[in-house]
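Notes follow the structure.
Below, each value reflects all heavy atoms present in this structure, side chains not excepted, and no hydrogens, waters or symmetry copies. All figures in this text were calculated on a predicted structure; none of them were measured in a lab.
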Amino acid sequence: FLPALLAAALSGLACAQEAQTLPPPCPFSGPLVPGVTALPSFSVPLTNGSVFVHGGANDTQWLPLVVIAISTGDPGAMLAISDDVSYDSFLLAGPYPTGLVMFCADEGTDIPIAIEANIRLRMSVLNFSAATKSAWLDRIIFTPASAASIAGLGDFISAWTSPFLRIITPPIPTRSDSHAASASTGSDSHAASASSDQMMPSRPLALSRIDGANECFMQPMSFEVDELAGPALVGCDPLARNTSSMAAHFILVRTTADCPASSAITWAQTLAPMAKGVVLGTDTVVMMGRNCTDVFYDDPFIPTAISMESFDALDRLVSAQSPANINFTYFCDTGYGFVADRTGIVQHLGWRKVNTLMFFAWERSMHEYIAGIDARRASASTILPILPVNTTINPAAHVNVTFSSSQLRASKSAYFEFQLTCPSVDDAVCGPWDRIVSATAQCHNVVTGTATQAVEVARWISPFRRGSGKWMTSAAALVALAGNGSTAAGDDDDAWTCEIVVDVCCELWTAQLDLILTLSSDDGDVQNSAALASRAGLNPFQATPVVYPNMATTFNPSYNANRTALIVTPPGATQAFLFAFISGHGANPPPPVDVGCEYAPTSHAWAVNGRGSLTKYNTSIVAYSQYMLAGTATGCVDKIPDGVIANQHGDYPDGRNGWCPGWSVQPVFIDITADMKMAAGATNTIEYSALSYYVGQPPEWTPYNASSSGCGGDIFMSTLILWA
């Protein structure tokens with residue numbers, strides 16, 4: 001049910017916005033801001049009558065700690081705790097072996113008590129075993145105290161603001177008559193003044209947004225009633241009004257039983273090229289404007305959703321042709337929670353894209369992945385620093401590192417631990433784009449001077465507006481380079497110096513990179529093909545770059561031409577592995593392709609000496625979910641347990657072609673020994689080809705029509721043959 005839920009909740013408003021200045025972020029008051037390591041000590045009364053005590057930053061037994069602060073003024077949060085699907089998705093994602101989840105509220109005692117009752121009920125409905133129920137209840141607590149009154153933590157929660165609670169409300173003037181009385185919501189504490197030369201003095205009407213997003217609205221932003229295209233459109237009938245009259249206007253769209261919010265959002269998208277903005281009237285809390293993040297889009301499209309009561313008041317002004325200026329502004333409110341990671345560092349929970357408790361489960365799942373990385377690091381036999389913490393990688397970072405080939409061979413597995421960090425503590429000002437972060441290496445023997453070619457040894461993608469990420473990925477390529485030609489443990493202990501370059505374009509990021517060596521061949525925490533590369537490769541001793549006569553990246557009808565490489569088997573090799581980083585990018589497709597290489601599924605195949613391209617050496621067989629789920633509504637959000645950063649900005653949930661925002665690009669790793677000529681000096685042919693698959697518009701996203709004509713973008717690929 002979750003993919004269907006997300007497909008509706010995330011149905012794409014590919015929205016853009018006017019090139020105006022971003023509104024200033026809500027301030028963090030006091031010393032407790034994102035990035036602090038001193039999580040305060042606090043005590044919490046629980047609904048069962050006991051008291052939970054947290055000892056602060058040194059009390060690591062309850063870390064990571066996710067605090068969920070439900071605000072009664074947050075319609076999205078209130079929806080999340082009133083929906084059975086919300087509870088079910090949250091519970092089915094756990095329980096977690098470490099850490100703690102705490103529910104509190106901004107006022108009263110009823111909300112956490114009701115949440116606890118619903119969680120217990122849903123666990124029974126889901127037929128959880130007694131052991132699973134107990135495991136969950138050991139890791140989740142409920143406090144009847146108001147969030148502001150929790151001893152040692154209340155001031156912290158009150159000072160903490162979350163990106164999606166920079167709420168914007170449009171106050172409009174109403175007549176001093178029965179219309180004003182009937183339209184009033186009674187919520188004027190956050191309303192600002194609005195003016196009209198032809199209206200009698202009256203108190204303002206606060207129109208509360210119910211879509212939870214603010215970043216589509218740039219400041220200052222306002223419009224006159226006469227900028228509206230006319231009375232509200234009813235339902236989703238595109239013939240309801242002449243679309244030519246919509247240009248340079250704001251459009252009101254009224255939901256109906258036959259045109260619910262999910263359908264209206266999809267229809268509003270079709271209005272985007274013709275309108276300045278869309279205001280949706282609905283009584284269902286929705287999330288809109290997930291791409292409206294910054295000033296980089298060319299075409300303005302400003303959507304929002306307001307309650308039907310507020311919508312009626314606005315529609316009456318339009319119908320009466322009452323001139324008025326409607327100003328959208330925002331105010332800061334208590335946030336929806338925070339997380340303290342395993343080291344006690346306090347961080348954002350990210351950007352809430354869906355009004356379900358799954359938002360918190362995703363964040364918790366991400367920290368469980370990081371916990372696995374930390375555990376792997378703790379069991380490492382050797383940690384070799386490459387980039388020290390907070391190394392700037394734009395401009396590129398260059399470092400020379402010397403490795404002992406015998407030390408590398410003595411380990412059973414080798415992988416990179418890479419941490420990417422935004423210099424700001426506020427997610428809202430971190431990089432808004434998904435950028436390729438690449439590590440290349442060129443090694444030479446200190447004694448003989450023998451040098452390798454410079455090759456890519458790792459690839460990552462930066463996240464959308466999240467402050468940091470940490471990943472593990474195979475270091476098999478670097479191991480092969482830093483021991484080139486050493487085939488056995490009895491060989492001389494050669495020293496290899498490698499120049500390693502880590503680079504990212506266009507945005508400011510810092511990084512830390514370590515090479516982790518372990519004596520265990522169990523790489524359970526290294527995901528997918530990377531695990532195979534570091535243990536099945538058996539410490540490769542040499543790497544041969546695969547170079548085709550045609551190395552073009554643009555995937556068009558000529559992309560597959562001249563893609564045969566000749567590979568010579570080195571002395572001492574008994575195994576051969578294909579090791580490749582492949583990711584599709586770009587969104588300028590020719591007809592009839594409709595999504596571009598970023599979102600189009602692709603498959604990549606190799607024939608080894610004329611054999612195996614369809615039956616064995618094909619990404620659709622060895623890495624299906626990495627490439628064939630491109631364009632699906634949940635293709636990347638489903639990979640959070642594998643390391644994708646949770647709750648990013650933008651359209652991060654959608655599946656990508658071989659990658660995800662905020663993730664390491666997993667290398668394709670295939671054992672091709674069976675079809676290689678393994679005699680020293682033998683020549684082998686490696687033939688490569690690719691197919692793309694057209695996809696339908698959301699919500700179908702169904703791959704069909706395999707084609708060699710391409711997908712209107714680029715395939716960035718680097719390929720090695722690793723020898724062992």
Distance (rounded to the nearest 0.5 Å) between [X] [atom1] and [Y] [atom2]:
X: Glu363; Y: Ile68; atom1: CD; atom2: CD1; result: 10.5 Å
X: Leu63; Y: Asp59; atom1: CG; atom2: CG; result: 7.0 Å
X: Gln648; Y: Ile640; atom1: CD; atom2: CD1; result: 8.0 Å
X: Arg376; Y: Met472; atom1: CZ; atom2: CE; result: 6.5 Å
X: Ile370; Y: Ser468; atom1: CD1; atom2: OG; result: 6.5 Å
X: Gln626; Y: Ser620; atom1: CD; atom2: OG; result: 11.5 Å

With sequence neighbours excluded, residues passing disulfide (SG to SG under 2.5 Å) with Cys636: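 Scan of Cys636 (disulfide (SG to SG under 2.5 Å), adjacent residues dropped) gives Cys660.
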Might you work through the side chain to side chain contact (heavy atoms under 4.5 Å, CB included) test for Phe103 and Thr143, ending with a clear yes or no? CA-CA 6 Å; Phe103 281 96; Thr143 174; over 6 Å; no
Minimum heavy-atom distance between [X] and [Y], given as atom pair plus value:
X: Met78; Y: Ile70; answer: SD-CG2, 3.9 Å
X: Pro95; Y: Ala135; answer: CG-CB, 3.7 Å
X: Phe42; Y: Leu65; answer: CZ-CD2, 3.7 Å
X: Val66; Y: Arg364; answer: CG2-CD, 3.8 Å
X: Ser43; Y: Ile150; answer: O-CG2, 3.5 Å
X: Ile81; Y: Tyr87; answer: O-OH, 2.8 Å

Can any side-chain N or O of [X] pair as donor or acceptor with the backbone N or O of [Y] at less than 3.5 Å?
X: Asp434; Y: Pro661; answer: no
X: Arg122; Y: Leu91; answer: no
X: Lys470; Y: Tyr369; answer: no
X: Asn647; Y: Leu349; answer: yes
X: Thr356; Y: Ser86; answer: no
X: Arg466; Y: Gly662; answer: no
X: Thr634; Y: Val637; answer: no

Kindly write out the residues that satisfy side chain to side chain donor-acceptor pair (under 3.5 Å) with Ser603, not counting sequence neighbours, or none if the list is empty.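 With neighbours one apart ignored, the set is Tyr693.
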Determine whether Trp471 and Glu417 satisfy the following criterion, side chain to side chain contact (heavy atoms under 4.5 Å, CB included), listing intermediate values before the conclusion. CA-CA 6 Å; Trp471 305 277; Glu417 180 183 308; over 6 Å; no
Got [X] and [Y] here, is their nearest side-chain heavy-atom distance under 4.5 Å?
X: His54; Y: Leu100; result: no
X: Asn657; Y: Ser583; result: no
X: Lys133; Y: Ser124; result: yes
X: Tyr599; Y: Asp654; result: yes
X: Arg120; Y: Leu137; result: yes

For Trp663, which of Ile461, Asp642, Ile645 qualifies under side chain to side chain contact (heavy atoms under 4.5 Å, CB included)?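 So the option named by the test is Asp642.
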Using a strict 4.0 Å threshold on nitrogen-to-oxygen distance, state whether Arg656 and Asp651 make a salt bridge.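 Looking at Arg656 and Asp651, the cut-off is met.
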Would you call Glu368-Arg342 a salt bridge at under 4.0 Å N-O?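 Answer for the salt bridge query: no.
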Sorted by first residue and then second, give each ring-ring contact (aromatic ring centres under 6.0 Å, His included) pair with at least one member in residues 113-138; sequence neighbours left out.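 Residue pairs passing ring-ring contact (aromatic ring centres under 6.0 Å, His included), neighbours aside: Phe90-Trp136, Tyr96-Trp136.
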Check: residues 45-53 side-chain donor-acceptor pairs under 3.5 Å, at least two apart:
residue, atom, partner, partner atom, Å
Thr47, OG1, Glu116, OE1, 2.5
Asn48, OD1, Ser50, N, 2.9
Asn48, OD1, Ser50, OG, 2.6

Under the ring pair (Phe, Tyr, Trp, His ring centres under 6.0 Å) test, which residues partner Phe360, sequence neighbours left out?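 Not a single residue meets the ring pair (Phe, Tyr, Trp, His ring centres under 6.0 Å) criterion with Phe360.
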Tell me, with the steps shown, if Ile119 and Phe142 meet side chain to side chain contact (heavy atoms under 4.5 Å, CB included). CA-CA 11 Å; Ile119 282 180; Phe142 311 88; 3.8 Å; yes
Centroid-to-centroid, Phe464 to Tyr652, below 6.0 Å?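 Centroid separation for Phe464 and Tyr652: 6.0 Å or greater.
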Please identify each residue that fulfils side-chain contact (heavy atoms from CB on, under 4.5 Å) with Asp341, with sequence neighbours left out.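 By the side-chain contact (heavy atoms from CB on, under 4.5 Å) rule, Asp341 matches Thr343, Ile345, Gln347, His367.
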Please report the C-alpha distance between Gln666 and Ser664 in whole Å, then the side-chain angles of each, then the deciding distance to 0.1 Å, and finally whether the side chain to side chain donor-acceptor pair (under 3.5 Å) criterion is met. CA-CA 6 Å; Gln666 303 298 316; Ser664 58; 2.8 Å; yes
